[in-house]
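Down below is the structure, laid out as structure tokens.
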Amino acid sequence: MLLSPLLLLLPLYAAAQFLRCATSEPKPDLVATHSNQSAIDAANRLNGVEATIEKHTVDTYIHIISSGKNESQGNIPDSKLKAQIDVLQKAFNGAGFAFAVKNVTRIERKEWFPLIIDGTEQTIKGFLRQGRYKDLNVYFDTISAGGLVGGGIIGFAYVIPYTFSSNNPRFRDDGVVVDPFTVPGGSLKPYNLGATLVHEVGHWLGLFHTFQPARDLYGIWIGDGCIGDGDYVWDTPAERSSASGCPIGRDTCKGESLSRDGKDPIHNYMDYSDDTCLNDFTEGQISRMQVLYKQLRVNRNWSPW
């Protein structure tokens, strides 16, 4: 029996209060795309070719799913939603991305709160999703997987798939899901300053975790983040595992990864540090998002709607 990558993570849920991100491991074809782009980036740096930052305005559709009319039931107030969008805009401004909110849908439905991964998720997204492949859909909902909800998963996204077809139901799943209590001023401390959405949109634009473990060409785990190419971005130092809190000076791969040496990127949005600690995308990550958004989203701007 084949298990979902998410289900393979379930033992971690019991070991920690929160799972910062339940985004599944990338498929081998996407890893190959990153590997190829990493080689191109290295050649460009050697030849003194600077990466260009194009301006992209991403049409964005917000969906707020709640079990009632109160904030405690997931119904995010307009003021906190605006604060969340402001955080998103600020985080990606230097990367060349702006997010134009085209519509905010609010839907009160108890049977959709929480969203159950690989369960009600498909129904919710099939009903609510809008736009094209280059457009961002954000679903604010509590998240359940394997019967676990609350104090568990607070966000996940679908990393850009390298191949798809018009009859692929997974296209419907494209987008990010974020716990409504992680918005600025939300109740989910220490993850209540809006960085969870930034992290998941980073995945949506193609980025891996900074502590990405090493896998072979078939996607089989062969080592921790100190081994291999990690996230395939040249200026994110190797990191053995995700960070928590804000561990200044942490260096989990010291002396083990000469090509990616340096202290752990605990301030990077693609790590798991507390929201107060996260404030950075690197030059290499910005370049990678630029390339992959154009290559895998803009240039494949297909929509079934």
For the residue pair [X] and [Y], what are the closest heavy atoms and their distance?
{"X": "Arg240", "Y": "Thr252", "value": "N-OG1, 2.8 Å"}
{"X": "Glu256", "Y": "Cys226", "value": "OE1-CB, 3.9 Å"}
{"X": "Trp204", "Y": "Asp135", "value": "CZ2-O, 3.2 Å"}
{"X": "Asp271", "Y": "Ser242", "value": "OD1-CA, 3.6 Å"}

**Q.** Residue Gln37 excluded, over 12 heavy atoms near CD under 6.0 Å
**A.**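 Count over threshold, so yes.
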For residues 191-198, which side-chain N or O atoms pair as donor and acceptor with protein atoms under 3.5 Å away, sequence neighbours left out?
{"from": "Asn192", "atom 1": "ND2", "to": "Gly186", "atom 2": "O", "distance (Å)": "2.8"}
{"from": "Thr196", "atom 1": "OG1", "to": "Arg20", "atom 2": "NH1", "distance (Å)": "2.7"}

Checking [X] side chain against [Y] main chain: does a donor-acceptor pair fall under 3.5 Å?
{"X": "Ser273", "Y": "Ile266", "result": "yes"}
{"X": "Asn47", "Y": "Ala43", "result": "yes"}
{"X": "Asp179", "Y": "Phe181", "result": "yes"}
{"X": "Tyr293", "Y": "Lys134", "result": "yes"}
{"X": "Arg106", "Y": "Ile76", "result": "yes"}
{"X": "Lys69", "Y": "Asn75", "result": "no"}
{"X": "Asp274", "Y": "Thr276", "result": "no"}
{"X": "Asp41", "Y": "Val233", "result": "no"}
{"X": "Lys125", "Y": "Asp173", "result": "yes"}

Q: Check the side chains of Thr105 and Asn103 for a donor-acceptor pair under 3.5 angstrom, ignoring hydrogens and angles.
A: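 Note: Asn103 and Thr105 side chains meet the donor-acceptor criterion.
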Q.
Testing the 3.5 Å rule here: is there a donor-acceptor pair between the side chains of Gln285 and Asn268?
A. yes
Q) How about His209 and Tyr272: do any of their side-chain heavy atoms sit closer than 4.5 Å? A)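 SC-SC contact between His209 and Tyr272 confirmed.
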Q. Which hydrophobic side chains are connected to Val49, either touching it within the sub-4.5 Å cutoff or through other members that do?
A.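 Under the 4.5 Å side-chain rule, Val49 groups with nothing.
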Q: Kindly state whether the ring of His199 and the ring of Tyr269 have centres lying under 6.0 angstrom apart.
A: no
Q: For this output row, return yes or no: ring centroids of His34 and Phe208 closer than 6.0 angstrom.
A: yes
(Q) Can you tell me how the ring of Phe99 sits relative to the ring of Phe97, calling it parallel under 30°, perpendicular over 60° and tilted otherwise? (A)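 The rings of Phe99 and Phe97 lie parallel, inter-plane angle below 30°.
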Q | By side-chain contact (heavy atoms from CB on, under 4.5 Å) - contacts of Asn70 (at least two apart) | A | Ser72, Gln73
Q: Test Arg297 against Asp174 for salt bridge (charged side-chain N to carboxylate O under 4.0 Å, His left out), laying out the working first.
A: CA-CA 11 Å; Arg297 290 195 179 278; Asp174 182 51; 2.9 Å; yes
**Q.** Distance under 6.0 Å and angle within 45° of ring axis: Arg109 vs Phe127
**A.**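 Relative to the ring axis of Phe127, which defines the angle, Arg109 lies inside both limits.
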